[in-house]
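Each remark here refers to the structure printed beneath this line.
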Amino acid sequence: MRIDKFLKNSRIIKRRTVAKEACDGGRVSINNKVAKSGDTVKVGDIIEVRFGTGELKVVVKEIIDNPKKNQAAEMIEKVE
């Protein structure tokens, strides 16, 4: 799954266009490599998202194409 779609589906970022802009702006990394919006995410990858006030680091536990609200929380696990 594309990183921008994953960020939206897991509800880390609310809109896919905002997720795409964050990726293309260099604020998202997968396994310590800066991610482009089209990069692929796999189970076990570590995603870091830098927001204006802080940073969020998560591990991908599951990939669900169209998750419900309660399933979105099961897709990731926070680190640190």
Side-chain angles (χ1 to χ4, degrees):
M1 179 180 287
R2 290 171 53 113
I3 182 67
D4 58 346
K5 186 173 181 182
F6 181 81
L7 291 172
K8 183 216 176 269
N9 284 353
S10 63
R11 291 179 168 78
I12 293 172
I13 297 178
K14 292 190 183 215
R15 291 188 202 99
R16 188 165 174 182
T17 54
V18 176
K20 182 180 182 324
E21 290 169 4
C23 292
D24 293 340
R27 295 190 307 258
V28 178
S29 57
I30 303 171
N31 298 327
N32 294 323
K33 294 171 79 177
V34 176
K36 300 241 189 292
S37 59
D39 288 349
T40 305
V41 172
K42 300 177 293 300
V43 173
D45 284 349
I46 298 173
I47 299 173
E48 294 178 58
V49 182
R50 288 170 291 288
F51 296 103
T53 57
E55 186 174 297
L56 175 67
K57 191 173 187 179
V58 296
V59 175
V60 178
K61 286 177 40 182
E62 189 176 0
I63 295 177
I64 304 171
D65 204 23
N66 292 314
K68 304 245 185 294
K69 191 172 188 176
N70 59 344
Q71 291 176 315
E74 298 170 1
M75 292 175 68
I76 59 172
E77 180 179 326
K78 288 185 182 177
V79 177
E80 293 176 23

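Given the structure is predicted, the values throughout are model-derived calculations rather than measurements.
Here salt bridge (charged side-chain N to carboxylate O under 4.0 Å, His left out) pairs that include residues 59-78, with residues two or more places apart or in two chains, are K5-D65. For residues 46-56, the set of pairs meeting the side chain to side chain donor-acceptor pair (under 3.5 Å) definition, not counting sequence neighbours, is empty.
Rounding to the nearest 0.5 Å gives a distance of 5.0 Å between CG of N9 and CE of M1. Atom NZ of K36 is separated from atom CG of D24 by 7.5 Å, given to the nearest 0.5 angstrom. Between the CD1 atom of I3 and the CD1 atom of I30 there is a distance of 4.0 Å, given to the nearest 0.5 Å. With rounding to the nearest 0.5 Å, the separation of CG in L56 from CD1 in I47 is 9.0 Å.
Taking the salt bridge (Lys or Arg N to Asp or Glu O under 4.0 Å) definition, one finds that K8 meets it with nothing, sequence neighbours left out.
By the rule that hydrophobic residues join a cluster once side-chain heavy atoms approach within less than 4.5 Å of another member, V79 and V60 end up as members of separate clusters. Linking Ile, Leu, Val, Met, Phe, Trp and Tyr residues whenever their side-chain heavy atoms come within less than 4.5 Å leaves I12 and V59 in two separate clusters.
Shortest non-hydrogen contact noted between V34 and G26 is CG1-CA, 3.9 Å. Pairing each heavy atom of D4 with each of S37, the nearest pair is OD1-O, 3.1 Å. When all heavy atoms of A19 and I13 are compared, the closest pair comes out as N-CG2, 3.8 Å.
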Practice prompt. Apply side-chain contact (heavy atoms from CB on, under 4.5 Å) to E21 and R15, showing your working.
Written response: CA-CA 10 Å; E21 290 169 4; R15 291 188 202 99; over 6 Å; no
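The only member of L7, I76, V49, I46 that meets side chain to side chain contact (heavy atoms under 4.5 Å, CB included) when paired with V58 is I76.
Other residues, nucleotides and ligands place more than 12 heavy atoms under 6.0 Å from the CZ atom of R11.
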